[in-house]
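What follows is one structure encoded as C-alpha cells, with my remarks underneath.
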Amino acid sequence: MLVEIRPVARLRGKTPLDVSTPLTTVLEVLRDGTVDLSRVRVVCDWIQYKENFRDVVDVRQIGPGTPDQELEVAIDLRRAAAADLADLTRRLMAHNGSPEAPDRIWLEQWLPGSQGCIWLFNRLYWQALHLWERATGRGYESALPGGASDARNEAAIRELISDLFRIWDDLSDRRALPDELYVVELGVGNGNQAKAWLDEFVVMDREHGRDYYRRLHYLMCDYSPHVLDIARKTVAEHGDHVSSLVLDATTPTTVLGFLRYKVFLVYVSNVYDNLPCDEVVSIGGEAFAVETRAFLPASAAATIAASCSIETPALPALIHKLLQIGPELLAEAMPTQFADADAAVTFWRDCWQSLRRAERFVPMRGLDSYQITPGLSGEMLRPLLDARGDLRINVNNGAVASFVDTLPLLHPYGRLVCHDLFITDVEQCRTGFRGPGKYDGSVVNWVNGPLLAHIGSRKGIDVRYAPFAHRKGTSIVTMTAQVRD
Ligand SMILES: C[S@@+](CC[C@H](N)C(=O)[O-])C[C@H]1O[C@@H](n2cnc3c(N)ncnc32)[C@H](O)[C@@H]1O
C-alpha cells in the first residue's frame, strides 16, 4: 500500500499538522474490510479552499473498472479532525470503492474535467454576476487572492507602461511604430483594472510627452456581455480609446484576427485559472485521465428539491435548465417553483454550495491518444510526467488554448502578460492542492506554468515567470511571454 502526504510544509512548525490520527482511522477501516490492501493508494491533501468539490474522504477507481482494480482513497486533512472519518470511509468502502454509491444524485455522465457542468456554473456566474452579487452583498474581487485584483496594483501598471514606452520610443526612433497602438485585455471583470491602467497611462503619457494616448486602442474582451457592460461604464471617461468585444478567451483570434501581429500588450489577470481544466495522473509509470462526474449529496438534494416543491429525481433536469437559461428566465418560466428571480438565485447558490465531483482514473493508452486542445497533442505532457514518479497535474486546456491562440496576435515586440496562480515547477503539484476550488460562484484551478513554457518554447516563444513583485506574500505569479530574441 502506498501512502502519499502532499502538504509536507504543514508537517513542521509551531502547530504541525496531525497526520497520524486521520491516517490510522482510515487504515483501520481499510484493514477491517475485504479490499486487497496491496491495491490501495492513500493520498492526503490539504484543501485550502473552504468551498470545493470534494468530500473529506473520497474513493476513486483506478483503471478499467474490473472488480480487482486499484483504488485511491483521498483524505482532506484540513477537515479530517472535524469529521467522522471512520464512518465516512466505511460507507464509501461498503460499495467497494464504487462511486455509484446510492446517496448521490448525479448531474451528468463521467466526463473529462474540462467538460463537466461545473464550467456551466462558472459561465452562469459571470453571465448573471449582478444577481449573485446582489444576493451575497459582496463583489467577486473580494474572493480573489488578496481580496482585490493585483492587476489594479499601481506599481505593477507603471512598470508595464514604462516597458511599453521604451519599446515604442525605440520603434518610433526607427520610424517603425505603427499609427495605431493596440492593447488587448482578456477577461475584464468589472473593468477596474482597465480603468487603473488607462488612468495611469494618461498620467505617464503626459510626463513622457510623446502623445501615445492619442493613438491608443484598448480592447476589453470578455465572454460575458453583462460583465462588459459594467466594465464599459467603469472606463467611460476614456471614450473612444476603449472598445469592448464579446469573445471566448480560449479562441481570441476568432474575433481579433484583424489584429494579427499588431498587439503590443495582451493583458490577462485571474482568467487562466478560471478556464476549463482536465487533470492527468501518472501512477506507476502509467498515465490516466481523471474523469469526473458532478453530483449532489442525496440529503442536500432532498432539501433543495423540497425548497422549490419538486421531487428529488427531477432536480438534475431543473439544474440544467437553470444553467441554460439563468435564474431570471427560470423564475419567469416556473412561477410555481420560484416566486421571483431572487428565489431562483437562492436555488442556484444552494446547488453550487452542495455541488461535488466524483473522480475516476481511466487509462490513457498513450499520451498521443489525448488532445489538450484540438491542435495540441497530449505528447506535450510527456516532459512533465516522465521520470517523476507518481504525479497528478492540471492540464488547463482552456488556458493552453487561450495562450496558443493569443500568440499570433502579438506584434514582434509585443508581450502577453498574465497575473495568475501559476505553478512554476511541476514538483509544486506534489506538495500542494492545485484545485479546483470554489470562489463564490466561480471555479479556480492553479495554472500549469511549465506546460505553457514548454508549449511556448516549441513555438519560439520565451515564457518567463516571476513572483508578483508588488505585493508581499501573494501567491500570484506574473507570466511574460514574448517572441524569443
Ligand atoms: C476572476 S475574473 C478576473 C477579472 C479581472 N481580470 C481581475 O483581475 O479582476 C475572470 C474574468 O474572466 C472572464 N472569463 C472567464 N472565462 C472566460 C472565457 N472563456 N472567455 C472570456 N472571458 C472569460 C469572466 O467573465 C471574468 O470577467
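Order of appearance sets the numbers: ligands from 1, and atoms from 1 within every ligand. Note: hydrogens, waters and symmetry copies are ignored here, and every other heavy atom, side chains too, is used.
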At under 4.0 Å between heavy atoms, what of Tyr223 touches ligand 1? The answer is both
Note to self: If I apply the N/O under 3.5 Å rule, does Thr250 come out as touching ligand 1?
What the structure shows: no
Sorted by chain and residue number, the side-chain hydrogen bond (donor to acceptor under 3.5 Å, both in side chains) partners of Asp368 (sequence neighbours excluded) come out as none
_Cation-pi, Phe53 ring and Arg356 (6.0 angstrom, 45 degrees)_ = no
Among Tyr125, Trp119, Trp126, Tyr272, closest by heavy atom to atom 26 (C) of ligand 1 is Trp126
So is Leu247 close enough to ligand 1, meaning a heavy atom under 4.0 angstrom away? yes
Using distance alone, with no hydrogens and no angle criterion, decide if Tyr272 and His419 have a side-chain donor and acceptor under 3.5 Å apart. no
ask   = Hey, does Thr424 have a side-chain heavy atom less than 4.5 Å from the side chain of Arg464?
value = no
Here the pair of heavy atoms bringing Leu376 nearest to Val404 is CD1-CG2, 4.1 Å
The residue among Thr250, Thr373, Asp278 that forms side-chain hydrogen bond (donor to acceptor under 3.5 Å, both in side chains) with Asn397 is Asp278
Can a side-chain donor-acceptor contact be found between His217 and His241 if the only test is distance below 3.5 angstrom?
no
In Trp168, Tyr182, Tyr413, Phe165, the residue satisfying ring-ring contact (aromatic ring centres under 6.0 Å, His included) with Phe264 is Trp168
Looking only at distances, please establish whether an N/O atom of ligand 1 is found under 3.5 Å from an N/O atom of Ala249.
yes
Polar contact flag for Leu186 and ligand 1 (N/O pairs, less than 3.5 Å):
no
So the atoms of ligand 1 within less than 4.0 Å of a heavy atom of Val271 turn out to be 12 (O)
Does any N or O atom in Ser269 lie less than 3.5 angstrom from one in ligand 1, N or O only?
yes
Quick check: Leu275 and ligand 1, any N/O pair under 3.5 Å apart? no
Please confirm whether Arg293 makes a cation-pi placement over Trp106, using NZ or CZ under 6.0 Å from the six-membered ring centre and within 45° of the ring normal.
yes
**Message:** Ser224 versus ligand 1: do any nitrogen or oxygen atoms come within less than 3.5 Å of each other?
**Reply:** no
Short version for Val227: what comes under 4.0 Å of ligand 1, heavy atoms counted, is side chain
- Message: Measuring centre to centre across the rings, with the benzene-like ring taken for any Trp, is Phe433 within less than 6.0 Å of Trp446?
- Response: no
The answer for which part of Gln193 has a heavy atom under 4.0 Å from ligand 1 is side chain
In terms of its nearest heavy atom to atom 27 (O) of ligand 1, the top option of Asp222, Asn192, Asn122 is Asp222
For this session: Check whether any N or O atom of Asn270, backbone or side chain, sits under 3.5 Å from an N or O atom of ligand 1, and answer yes or no.
Result: yes
Under 4.0 Å from one or more heavy atoms of Gly189, ligand 1 contributes atoms 4 (C), 27 (O)
